Amino acid sequence: MPWRVPPGSASLSAPIASGSGVSVTSGAPIPSGSGNAEPPIDALSELASGRVAEGREGLSTTELGYTPHELPTLKGSGHPTFKNPEQRVYEVWVSEIMLQQTTVATVTPYYTKWLIRFPTIKLLAEASLDDVLAHWQGLGYYRRARMLHEGARWVIQNGIPQTAKEWLAVPGVGRYTAGAIASIAQNEPAPLVDGNVERVVSRLTANQASAKSLTDAAWKWAESQLLPGHPAQASPGDWNQALMELGATVCKPVNLLCRACPVQPWCQAFAESRVADYPAPKPRAEKKSLHHSVVILTHDGKFAIRPVPEGRWWAGLYEFPREASLEGLNLMTEATLSQFGQFNHVVTNHEITVDLYHAEAATPTQDLIWVTEEELTQYALPAPSQKALTLWKKSRAQKTLWEQETSPD
DNA sequence: TATCCGTGGTC
DNA sequence: TGACCAAGGAT
Ligand code: SF4
């Protein structure tokens, strides 16, 4: 995510990180998080002299308080990324998919490793799905990885889309991602709306509509800002990022910073002193709880795993056998199960209580995949299986310690 | 169109 | 501590 601000390194009305000090790791430019500080942008005084005070021709990127801080440095680095438009497209594509519903801090290490393992679209297309999923392990929403993989194969077949509209045909790319790639990597004046933009628009226009209605309004507003002749068109990628960054760092869901907000003079919600009323709160889903039983089934130092069937949570990943009950596990194996732990795992609006069992199998049955702990790292395991493994190792270590302490000399 | 799909951080 | 959230897409 070379074009994104490292977390905490810049805020819109505070000193802006220049983006210097970009490090290069195996071909991937990564933000350092500690660029040189430039003088604060006095957004309000700029606005006071602003040509958009009447608000008719649209806001500009500068008026959102945004300075494009990464591109110059990366250009200066002479990195191949910026000599190769296709590579630029790929890196923006990967990061936009990873960042869906996921924070920059979480994504960053995955992004780095991803570009090392799958440096180009072609190499991603040629990789196996298992390999792809293994590099997504822990990021969640695994369908994204599968679609990105499919998308890479689509692009090898059909070529790189050249417009946001064309991007929509690529698996896993919806209208947000299409707009992001087209504007950031291909300089097309394509609008985009994500959760940040939707929230900002809701407040700027004092729109209390909920869900789809607000989304539609936000898209119309975003489109209107990028019409021909509007200042945002000069650098649509910067504009879009500025808008999202405004939402992420100033016009936040809670603890918003209206006093430092560069667009406060045009904010209808602020004018009404009702910023807390926008956007309308979403109805929250009911939380459900359920139980699962998981077995760490071992034989001769190997672990038994099996693929998660399609159509379920974690489809396509591999996990320790998991059933709805202990009875389910007993139907699966003849080995004697002994419980050694329990933990909770939250999946969206479900809280799963997982009972952990261990058993030593008499024989490695063919319906399961038997792997060493080393080989286990080659498989994508869902978080509950990862937790189970961690607890098993901890349990075994304590047992070993206990045996050592209590064994007679 | 409402629901499903994960996870880790924050307050 | 639990509720809420994060740069969505597919069905
Ligand atoms: S003034 Fe406050 S509510 Fe309005 S856009 Fe700025 S941060 Fe958001």
Side-chain angles (χ1 to χ4, degrees), chain A residues 1 3-8 66 92-111 133 136-148 150-151 167-185 190-200 210-213 215-216 218-219 222 237-249 251-256 279 281-289 308 310-317 319 343-352 380-387:
Chain A
M1 298 118 358
W3 49 93
R4 297 198 185 259
V5 183
Y66 182 86
V92 173
W93 182 11
V94 170
S95 83
E96 290 301 340
I97 299 295
M98 286 188 171
L99 284 161
Q100 290 169 7
Q101 306 295 295
T102 312
T103 61
V104 173
T106 299
V107 163
T108 299
Y110 284 88
Y111 176 79
L133 285 170
W136 205 273
Q137 173 181 301
L139 257 191
Y141 287 129
Y142 298 95
R143 184 173 320 210
R144 293 181 295 173
R146 300 162 61 129
M147 304 292 284
L148 181 54
E150 267 184 57
W167 274 104
L168 285 174
V170 178
V173 176
R175 59 178 175 168
Y176 162 77
T177 307
I181 299 172
S183 66
I184 296 170
L192 61 74
V193 170
D194 71 338
N196 289 310
V197 176
E198 197 169 298
R199 182 173 59 253
V200 170
S210 58
K212 185 173 185 335
S213 173
T215 303
D216 288 346
W219 275 97
D238 288 340
W239 161 262
N240 282 333
Q241 290 176 84
L243 204 49
M244 292 189 285
E245 198 174 312
L246 179 70
T249 63
C251 197
K252 300 183 286 186
V254 294
N255 301 330
L256 50 173
K282 298 171 186 172
R284 69 167 189 269
E286 168 188 2
K287 195 168 178 178
K288 300 170 184 173
S289 57
V308 180
E310 292 301 315
R312 303 178 52 178
W313 286 329
W314 310 295
L317 280 65
E319 64 175 3
F343 64 90
N344 289 333
H345 182 78
V346 175
V347 183
T348 316
N349 44 18
H350 296 262
E351 174 150 17
I352 309 173
L381 300 187
S385 277
Q386 285 290 346
K387 289 182 183 177

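Keep in mind it's a predicted model, so treat the numbers as computed, not measured. Scope of the values below: all heavy atoms of this structure, side chains included, with no hydrogens, waters or symmetry mates. Chain identifiers are assigned alphabetically (A, B, ...) following the order of the sequence lines, protein sequences preceding nucleic acid strands; residue numbering begins at 1 within each chain.
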If I take atom NE2 in residue A:His350 and atom C1' in nucleotide B:dC4, what distance separates them, rounded to the nearest angstrom?
9 Å
Within this structure, what is the CG-to-C1' distance between A:Leu168 and C:dA10, rounded to whole angstrom?
13 Å
Are any side-chain N or O atoms of A:Gln137 and backbone N or O atoms of A:Leu381, one a donor and one an acceptor, separated by less than 3.5 Å?
yes
Heteroatom pairs (N/O) under 3.5 angstrom, protein to nucleotides 8-10 of chain B:
none

A:Lys288 atom NZ: more than 12 heavy-atom contacts under 6.0 Å:
no
Which parts of residues 139-147 of chain A get close to DNA chain B, meaning a heavy atom less than 4.0 angstrom away?
A:Leu139, A:Gly140, A:Tyr141, A:Tyr142, A:Arg143
Whole angstroms only, please: what is the CD1-C1' distance between A:Ile97 and C:dA10?
12 Å
Minimum-distance nucleotide to A:Trp314 side chain [options: B:dT7, C:dG8, C:dC5]:
B:dT7
Roughly how many Å is it from CD in A:Glu286 to P in C:dA3, rounded to a whole number?
12 Å
With a 4.0 Å cut-off on N to O distance, would you call A:Lys282 and A:Glu198 a salt bridge?
no
Rounded to whole Å, please give me the gap between NZ in A:Lys287 and P in B:dC4.
16 Å
Quick one: is B:dC4 close enough that its OP1 or OP2 comes under 4.0 Å of any side-chain N or O from A:Thr348?
no
A:Asn344 CG to C:dG2 C1', straight-line distance once rounded to whole Å:
12 Å
Roughly, in whole Å, what's the span from CG in A:Asn196 to C1' in C:dG8?
12 Å
Between atom CD in A:Glu198 and atom P in C:dA6, what is the gap in whole Å?
11 Å
